[in-house]
Amino acid sequence: MKLRIVPIMLTVVISALVLFGGWFLYQRFAVQSPLADVVSQYEGVKSSHIDIKQDAVSLKLDLAPDTNLQGLVQHIKREGKSVIGSRELKIQVEDHSSEALDEWWEKAMLSVAEAMDNKQYTNIQKSLDRLAAGTPNLSAKATIDDNNVYISLSDGKSGKFIILPRQPGTMEVWSHA
């Protein structure tokens with residue numbers, strides 16, 4: 001029995017195209033597209049890039065300066081639950097900060113870090129309000145959920161969004177000590 005190489009190779013190539021093409025279309029239209037629709041529905045989202053892996057969903061967001069970041073995250077978790085499932089949701093917000101906002105955040109970082117370390121979350125908004133009182137046109141808002149503290153800074157033209165995890169990394173004991 002003589003095997004014909006051309007029909008075998010054609011069968012392999014066509015099978016691979018159908019298999020991987022079907023997988024690509026499934027990922028694109030059944031998984032990514034519904035999540036992109038959920039994200040784009042929220043007010044203040046300019047654009048988004050979604051990367052779905054087996055264990056994580058990564059969102060790279062471009063937001064307007066006055067967007068409610070915590071509201072957006074809750075909206076994505078609630079409305080995109082069927083797509084996200086048990087995957088970890090990772091959100092990265094594109095930085096459209098101004099030099100003034102960056103300088104202001106550097107001043108506020110110490111009091112925010114202290115409040116986070118002491119788990120005194122109500123002190124975060126108090127310290128942001130106290131520091132923002134001397135800066136015109138600056139709005140600083142801190143909100144919290146089960147996993148993160150969300151800080152939104154805006155001067156009307158530009159915005160800075162910071163997501164701080166409530167469960168900081170813990171130091172492990174060095175085994176050679």
Side-chain angles (χ1 to χ4, degrees), residues 31-53 55-171:
V31 179
Q32 258 185 339
S33 185
L35 190 57
D37 291 342
V38 165
V39 173
S40 66
Q41 286 174 359
Y42 199 82
E43 184 179 340
V45 176
K46 293 180 185 176
S47 67
S48 64
H49 175 74
I50 301 170
D51 185 26
I52 300 176
K53 301 228 167 95
D55 59 345
V57 175
S58 299
L59 294 170
K60 192 178 273 188
L61 303 171
D62 186 6
L63 304 177
D66 58 345
T67 304
N68 177 358
L69 184 58
Q70 181 197 12
L72 173 60
V73 172
Q74 297 307 317
H75 175 75
I76 292 168
K77 285 181 180 179
R78 183 178 56 252
E79 300 298 323
K81 189 174 188 172
S82 63
V83 174
I84 296 169
S86 63
R87 297 178 182 109
E88 178 186 3
L89 180 62
K90 297 177 182 180
I91 296 179
Q92 180 183 358
V93 180
E94 287 192 33
D95 190 19
H96 294 293
S97 181
S98 65
E99 209 173 298
L101 283 178
D102 289 337
E103 288 176 12
W104 189 89
W105 174 242
E106 285 180 23
K107 293 176 189 173
M109 218 182 317
L110 181 62
S111 59
V112 170
E114 181 180 30
M116 291 289 292
D117 285 345
N118 294 327
K119 297 187 181 194
Q120 302 280 326
Y121 301 113
T122 56
N123 290 342
I124 294 172
Q125 185 65 52
K126 290 176 187 174
S127 64
L128 291 177
D129 290 341
R130 188 179 73 249
L131 289 167
T135 309
N137 299 329
L138 177 75
S139 67
K141 182 180 177 187
T143 56
I144 191 169
D145 68 10
D146 294 343
N147 302 317
N148 300 309
V149 173
Y150 305 93
I151 298 175
S152 303
L153 307 174
S154 175
D155 61 3
K157 299 175 201 163
S158 54
K160 184 172 188 72
F161 297 95
I162 300 105
I163 301 174
L164 302 170
R166 286 183 56 191
Q167 304 299 330
T170 56
M171 290 184 64

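Please read these numbers as outputs of a predicted model, since none were measured by experiment. Both backbone and side-chain heavy atoms feed into the values below; hydrogens, waters and symmetry mates do not.
- Scored by the side-chain contact (heavy atoms from CB on, under 4.5 Å) test, Asn147 finds Lys77, Asp145 as partners (sequence neighbours excluded).
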- Could you go through the side chain to side chain donor-acceptor pair (under 3.5 Å) check for Asp62 and His96 one step at a time? CA-CA 8 Å; Asp62 186 6; His96 294 293; 2.7 Å; yes
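- Checking side-chain atoms of Asp95 against main-chain N and O of Ser97 turns up a donor-acceptor pair under 3.5 Å.
- Counting only distance, with no hydrogens or angles, the side chain of Asp155 and the backbone of Lys157 share a donor-acceptor pair below 3.5 Å.
- Taking 4.5 Å as the limit, some side-chain heavy atom of Tyr150 sits within range of a side-chain heavy atom of Val73.
- By the neighbour-count criterion of 12 heavy atoms within 6.0 Å, atom CD of Gln74 is densely surrounded, having more than that number from other residues, nucleotides or ligands.
- In this structure, Tyr121 and Arg166 have side chains that are in contact, with non-hydrogen atoms separated by less than 4.5 Å.
- More than 12 heavy-atom neighbours from other residues, nucleotides or ligands sit within 6.0 angstrom of NZ on Lys46.
- Counting non-hydrogen atoms of neighbouring residues, nucleotides and ligands closer than 6.0 angstrom, the CD atom of Glu114 reaches no more than 12 such neighbours.
- Leu153 has its side chain within reach of Ile162: a pair of non-hydrogen atoms, C-beta onward, lies under 4.5 Å apart.
- Here the straight-line distance linking atom CD1 of Ile124 with atom CD1 of Ile144 works out to 6.5 Å at 0.5 Å rounding.
- The CD atom of Gln70 lies 9.5 Å from the CG atom of Asn148; values are rounded to the nearest 0.5 Å.
- Between Leu63 and Leu72 there is a side-chain heavy-atom pair separated by less than 4.5 Å.
- Between the OG atom in Ser111 and the CG atom in Leu128 there is a gap of 6.5 Å [rounded to 0.5 Å].
- Panel note: side chain Ser98, backbone Leu101; a donor-acceptor pair is recorded below 3.5 Å.
- Between Ser139 and Ser154 the shortest side-chain heavy-atom distance falls below 4.5 Å.
- Salt bridge annotation for Lys53-Asp51: present, with a cationic side-chain nitrogen under 4.0 angstrom from a carboxylate oxygen.
- Listed by chain and number, the residues in a ring-ring contact (aromatic ring centres under 6.0 Å, His included) with Tyr42 are His75 (sequence neighbours excluded).
- Among all heavy-atom pairs drawn from Val39 and Leu61, the shortest one is CG1-CD2, 3.7 Å.
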Passes side-chain contact (heavy atoms from CB on, under 4.5 Å), Ile52 versus Arg87? Steps please.
CA-CA 9 Å; Ile52 300 176; Arg87 297 178 182 109; 3.8 Å; yes
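- Scored by the side chain to side chain donor-acceptor pair (under 3.5 Å) test, Glu79 finds no partners at all (sequence neighbours excluded).
- With contacts defined as side-chain heavy-atom distances shorter than 4.5 Å, the pair Lys141/Ile151 does not qualify.
- At least one side-chain heavy atom of Lys126 sits under 4.5 Å from a side-chain heavy atom of Asn123.
- Asp129 and Ala140 get closest at one heavy-atom pair: OD1-O, 4.1 Å.
- The shortest side-chain heavy-atom distance between Glu88 and Asp55 does not fall under the 4.5 Å cut-off.
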**Full working for side-chain contact (heavy atoms from CB on, under 4.5 Å) between Val38 and Val83** = CA-CA 10 Å; Val38 165; Val83 174; over 6 Å; no
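- Atom NZ in Lys160 sits 11.5 Å away from atom OG in Ser152 (nearest 0.5 Å).
- Scanning all heavy atoms of the two residues, the minimum distance from Gly80 to Leu35 falls at CA-CD1, 4.1 Å.
- Judged by distance alone, the side chain of Trp104 and the main-chain N or O of Thr135 form no donor-acceptor pair under 3.5 Å.
- A donor-acceptor contact shorter than 3.5 Å links the side chain of Gln125 to the backbone of Ala142.
- Side-chain N or O atoms of Gln92 include none that pairs as donor or acceptor with a backbone N or O of Leu59 at under 3.5 Å.
- No side-chain donor-acceptor contact under 3.5 Å links Thr67 to the backbone of Leu69.
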